[in-house]
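One structure below.
Remember, predicted model here, so these are calculated numbers, not experimental data.
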Number of protein chains: 2
Amino acid sequence: MLIQIEPQSDVPIYEQVTRQIIEGIAKGEMKPGDMLPSVRNLAADLGVNMHTVNKSYHELEAKGILTIRAKSGAIIRSAEERTLTPEQLKQIEKNLKPVVAEGMVLGATANQIEHMMKKVFADLQVLTEGM
Amino acid sequence: MLIQIEPQSDVPIYEQVTRQIIEGIAKGEMKPGDMLPSVRNLAADLGVNMHTVNKSYHELEAKGILTIRAKSGAIIRSAEERTLTPEQLKQIEKNLKPVVAEGMVLGATANQIEHMMKKVFADLQVLTEGM
DNA sequence: ATTTTTGTTATACTTAATATATAACAAAAA
DNA sequence: TTTTTGTTATATATTAAGTATAACAAAAAT
């Protein structure tokens, strides 16, 4: 799985790492049970500090996506281990809201945003039959 | 229009102001042509510094949502004045992607995310007939 | 059993972002 | 003419982000 960092971005490095790992899992490039590279190895690959990657892994653990086994490594949790809580659903909705609102105010129609959603799903290789 | 600041939030105050103004416009609580309160007045209302509100207004101007007339005030641009550029569409898609990906990885189905989208639209009073 | 690798913890430092405080300026509006 | 407005400038404090380095103890590999 390829992770690319944009040093100039307004998105913090640890957040870029977090997002790209999530995308990698969504795309099936990484599967539940898979081990992530060690924080030292990934940091060396990306040319960033160990603690930056470590922060990302812990963010992913807080989101319930990883399990970090102390002094051993980080494993991607399976969908069975993950319980989509009502709180998480609310959080997703909370994240969705400002993006959609900005799109609407900028002049995008509901259908255009709908279309963008499907493009994102397609990029993540998610089946959208019958939607 | 009511704006409420959460001082404890991880979202910066100026960003909270920006988002809530965008939501207000999306909901129709503020219409194109309307003048926003002066940076000093809004800052006093919210109990924050003048420059914090000023930063938010300039962020909104950079997004193409406001026009700031020097030493006069800020006006909400009309949809006609706003041209939804391909760059803006790409930006919206770019904003949408991590939110959707996280939802998927957490175990939400495409239909669940679809449903959340409609809830957000409903909250913003957007017509979604025939979608 | 020993060596290597691992996440963890701690300390120190730098830079940038966020937010406030205060003041002055010049143009617009009242 | 006075008040209000965004603008600009300076200064300060706090927090976030990122790096650097080191040491520790447990896990894994040899």
Show me the donor-acceptor pairs, under 3.5 Å and distance only, between side chains in residues 26-39 of chain A and residues at least two apart or in other chains.
unit_1	atom_1	unit_2	atom_2	d
D34(A)	OD2	K31(A)	N	2.9
S38(A)	OG	N41(A)	N	3.1
S38(A)	OG	N41(A)	ND2	3.4

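- A search for salt bridge (Lys or Arg N to Asp or Glu O under 4.0 Å) contacts involving E15(A) returns R19(A), not counting sequence neighbours.
- Atoms CD (E15(A)) and P (dA17(C)) sit 16 Å apart, rounded to a whole Å.
- Between Y14(A) and the phosphate of dA17(D), there is a side-chain N or O to OP1/OP2 separation shorter than 4.0 Å.
- A side chain to side chain contact (heavy atoms under 4.5 Å, CB included) with H115(A) holds for exactly one of M117(A), K119(A), Q112(A); it is K119(A).
- Listed by first and then second residue, the side-chain hydrogen bond (donor to acceptor under 3.5 Å, both in side chains) pairs involving residues 96-110 of chain A are K97(A)-D123(B), E102(A)-K63(B) (not counting sequence neighbours).
- The distance from atom CG of N49(B) to atom C1' of dA23(C) is 13 Å, rounded to the nearest whole Å.
- Across the protein-nucleic acid pair, K55(B) atom NZ and dT8(D) atom P stand 16 Å apart, rounded to whole Å.
- Computed from coordinates, the H51(A) NE2 to dT21(D) P distance equals 11 Å when rounded to whole Å.
- The closest side-chain heavy-atom distance from V48(A) to Y14(A) is not below 4.5 Å.
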Below 3.5 Å, can you tabulate the donor-acceptor pairs from side chains in residues 74-81 of chain B to any protein atom, sequence neighbours excluded?
unit_1	atom_1	unit_2	atom_2	d
R77(B)	NH2	E81(B)	O	3.1
S78(B)	OG	E80(B)	OE1	3.4
S78(B)	OG	E81(B)	N	3.3
S78(B)	OG	E81(B)	OE1	3.3
E81(B)	OE1	S78(B)	N	2.9

At a cut-off of 3.5 Å, list every protein nitrogen or oxygen paired with a nitrogen or oxygen from nucleotides 2-7 of chain C, distance to 0.1 Å.
unit_1	atom_1	unit_2	atom_2	d
dT6(C)	OP1	S38(A)	OG	3.4
dG7(C)	OP2	V39(A)	N	3.2
dG7(C)	O4'	K71(A)	N	2.9
dG7(C)	N7	R40(A)	NH1	2.7
dG7(C)	O6	R40(A)	NH2	2.9

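- Spacing between atom CD of Q16(B) and atom C1' of dT18(C) amounts to 12 Å, rounded to whole angstrom units.
- Here dG18(D) presents its P atom at 13 Å from CD of E6(A), a figure rounded to the nearest Å.
- The two atoms that bring I22(A) and V105(B) nearest to each other are O-CG2, 3.3 Å, heavy atoms only.
- In this structure, D10(B) places its CG atom 21 Å from P of dT14(D), rounding to the nearest Å.
- Between Q88(B) and T85(B) the shortest side-chain heavy-atom distance falls below 4.5 Å.
- To the nearest angstrom, P of dA17(D) lies 18 Å from CG of L46(A).
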Query raised in the report: Could you go step by step and tell me if K90(A) and E93(A) meet the side chain to side chain contact (heavy atoms under 4.5 Å, CB included) rule?
Result: CA-CA 5 Å; K90(A) 272 188 188 172; E93(A) 205 175 305; 5.5 Å; no

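- Remark: DNA chain C takes part in the stems C:1-30 with D:1-30, each of 3 or more antiparallel Watson-Crick or G-U pairs, criterion distances under 3.5 Å.
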